[in-house]
Number of protein chains: 2
Amino acid sequence: MTLREEHVEISSPSGLNGHAPAAKAATIRDVAERAQVSVASVSRVLNGSDAITETTRRRVLDAVEYLRYVPHVGARSLSTSRTDTIGVILPDLYGEFFSELIRGMDLAARAHGKHLIVSSSHGDTEETMAALRSMRGRVDGMIVLSPHLRAANLAADVAGRTPVLVMNGGLDEGGRPSIAVDNHGGAVAAVQHLVATGRRRIAHIRGAAGNLEADIRAEGYASALDGQDPIIVEGDFTQAAGHRAATRLMALSPRPDAVFAANDMMALGAMLAFQEAGVRCPEDVAVIGFDDVPLAALVRPTLTTLRVNIAEMGRRGVERLIGLVQAGANADPDTACEIVRPALVVRQSTAAASTAGSNPDRTAASPS
Amino acid sequence: MTLREEHVEISSPSGLNGHAPAAKAATIRDVAERAQVSVASVSRVLNGSDAITETTRRRVLDAVEYLRYVPHVGARSLSTSRTDTIGVILPDLYGEFFSELIRGMDLAARAHGKHLIVSSSHGDTEETMAALRSMRGRVDGMIVLSPHLRAANLAADVAGRTPVLVMNGGLDEGGRPSIAVDNHGGAVAAVQHLVATGRRRIAHIRGAAGNLEADIRAEGYASALDGQDPIIVEGDFTQAAGHRAATRLMALSPRPDAVFAANDMMALGAMLAFQEAGVRCPEDVAVIGFDDVPLAALVRPTLTTLRVNIAEMGRRGVERLIGLVQAGANADPDTACEIVRPALVVRQSTAAASTAGSNPDRTAASPS
DNA sequence: ATAAATAATGTAATCGGTTACATGACACAG
DNA sequence: CTGTGTCATGTAACCGATTACATTATTTAT
């Protein structure tokens, strides 16, 4: 006991609501002192682990309440070497894809009492590494999204002991735990759908060069063409690129009667370009996208696409990572690559040249 | 010096890349030992504060590199009582509004070397408080978005010493540092624009009841009507609500010749409903939204709306909060309410019944 | 009644940084 | 050659939790 007087605190004049004035944050020792117990007991009550008398528990909880005590996270993490935080490194934060992903991750994280640190790297490999380094030690595990295979693997390296879950769309992860969309299968399904609805000249607007998912989708497209020669134009996943690509496709003769765009935004851009040029969709040209962003159901004609349940994927990612963290240095390294299979969602944009109708099948909330 | 032998480390057989085997994470003491300096010097080098010989600096940095040393964040935060992390509590994570906001915040955070913890509360006041409590001590400051005035104020209370920046759309923040959209001014501008383009029966589709921003926009609408009686139908910010509301408006006679929806998603829903019913936009009815989500420029007719630079708002928020954190218990409490004025973006949906054309004035990138 | 087992609580070491203060080295003036 | 000031570095206390182990109280067995 120090020299400080020990008498019971006189309820402060301003303490009308029964709270301490608290000029400085209370520590576990303050709580212990006020509850007349040891710091060990306080810790035990707060972590619900050991056997504790009901009396003690009450006393501690009252003191906690009165002092508005919140454990110091840093101190806790210092002794437990856990942070209850997981880091997410994204190539970008723009667009509905990432917002959906974060939503799913947040859901899972909350459910497990974890916190989420997000950071974007603007697609730059070097920045990805920087983000990673700065997160190291701050999180119990990380989820890294990168369109480049190399970046993701480097990441897992730099991370050292920190578990890393890779989500970069590549299936071949060299034994790293990962989750990936079946881009190949999705592309094949898209082409087959177009073929099945009678299309014969199917073009592809591909994603950014060097982007792993773009490559795989393009490859899937080419492999599914039944005899027809591939018609591929470059894109970069933006709506503007889709617009430009469609313009180039219209200049071809014979003009393609179907377009498989590597993502929805490009598909939308293409649809607008066709519309502006008086080329009717789906009558003259069918359009199919990839992702099923909410927008796909809001445009007219509504867009046929391959649905990836993005939020669900984010949820799974977090859950999987938490598993990895708990496994720790255990055996059973969970080295699997989980594959998410996109589902074909047929809407108006690929109708067989005679169907119409209105079926706004999804809605999107927006706040403010 | 302990009993452990002190001889120079034999370069490990696996250390081909010049790195330590590192079975456990290196501490500052390991670095000090390897660099043959004291922990104080290591700390000084790493924090760049004090005077340090070039020789020492090199030795330390080499050791850091070799051991892949990363300071333990918890320990650091324990002694400095800083976390270099800021928390963001959102009512929801759904939709483009929040994704844009987070994007802007991330940008600013990175620029200042801060980390971002995000969490959503699903609009529930109780959950907002829970999120807040669990973040307390984990962050240096928080940004709280809440559509309910009460929640935001409670939040600032619960936070205790942690600085809180409120962004809830309410202008009257009782002296709390805040950033808010000028919802009233925006609504007035919307109505005035409709009046100026010759509309005479202007209806309003309002946002969710109890939502502060919805209330203010509705109030602004009513106040700007020049003599005309208000025509207000309920909504909840979703596209589906806009659709339903428009259906009800079409049943009125005489039918309104203009609709001001409290956000873009409802405006889009309304436009679709009109379109399906054969009511032409803008010829028969003008539609104006609020927010300027990327989608607004992608639909046909393109949507006139009030642009709020959401990402910029997020950036400002973080910057402002960092200011608050640095000010600390200083005087000059920075109690201002910063106001963001939305800008009218005129597009096709409010053309004066004779204009047409194609002007896809914005594009949106999407990744995968 | 006493020993042994069990339950509840307390004491103090520990985690890994930062930093006030102490110490040592060195230069230069006298 | 000594004293003094400056600069670089080292020592050790401290931040606030957790938890192994020690201690005390309580129950049960004999």
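In the text below, chain A, chain B and the rest are named by the order of the sequence lines, each starting its count at 1.
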* Nearest-Å distance for atom pair CZ/P, residues Arg44(B) and dT19(C) -> 10 Å

* So, is Thr56(A) close to the dA8(C) phosphate, meaning a side-chain N or O under 4.0 Å from OP1 or OP2? -> no

* Just how far, in rounded Å, is P of dA17(D) from CZ of Arg136(B)? -> 12 Å

* Donor-acceptor pair, Thr53(A) side chain versus Thr55(A) backbone, under 3.5 Å? -> no

* Structure fact -> Per the under-4.0 Å heavy-atom filter, residues of residues 69-80 of chain A near DNA chain D come out as Tyr69(A), Val70(A), Pro71(A), His72(A), Ala75(A), Arg76(A), Leu78(A), Ser79(A), Thr80(A)

* Test applied, salt bridge (Lys or Arg N to Asp or Glu O under 4.0 Å); reference residue, Asp84(B); option that passes from Arg110(B), Arg76(B), Lys114(B) -> Lys114(B)

* Structure fact -> Asp84(A) atom CG is separated from dA17(D) atom C1', nearest whole Å, by 13 Å

* To do: Return the value, rounded to whole Å, for the distance between atom CG of Asn47(A) and atom P of dT19(D).
  => 7 Å

* To do: Measure from the side-chain N and O atoms of Ser121(A) to the backbone N and O of Leu90(A), and report whether any donor-acceptor pair falls under 3.5 Å.
  => yes

* Structure fact -> Atom CZ of Arg82(A) and atom P of dA17(D) are separated, to the nearest Å, by 15 Å

* Indicate yes or no: does Glu126(B) engage Arg133(B) in a salt bridge with an N to O separation below 4.0 Å. => yes

* Structure fact -> Whichever of Ser41(A) and Val39(B) has the more 5' nearest nucleotide on DNA chain D, that residue is Val39(B)

* State whether Arg34(B) and Asp30(B) are salt-bridged, where the test is any N-O pair (Lys NZ or Arg NE/NH1/NH2 against Asp/Glu carboxylate O) under 4.0 Å. => no

* Starting at atom CG of Asp30(A), determine the distance to atom P of dA17(D), rounded to an integer number of angstrom. => 8 Å

* Are the side chain of Arg68(B) and the backbone of Ala26(B) linked by a donor-acceptor contact shorter than 3.5 Å? -> no

* **Nucleotide of dT9(C), dG10(C), dG17(C) approaching Thr53(A) most closely (side-chain heavy atoms)** => dT9(C)

* To do: Send over the distance from Glu33(B) CD to dT9(D) C1', rounded to a whole Å.
  => 17 Å

* Asked: Side chains of Arg44(A) and Thr56(A): is there a donor and an acceptor less than 3.5 Å apart?
  -> no

* **Spacing of Ile52(A) atom CD1 relative to dT18(D) atom P, expressed in whole Å** => 13 Å

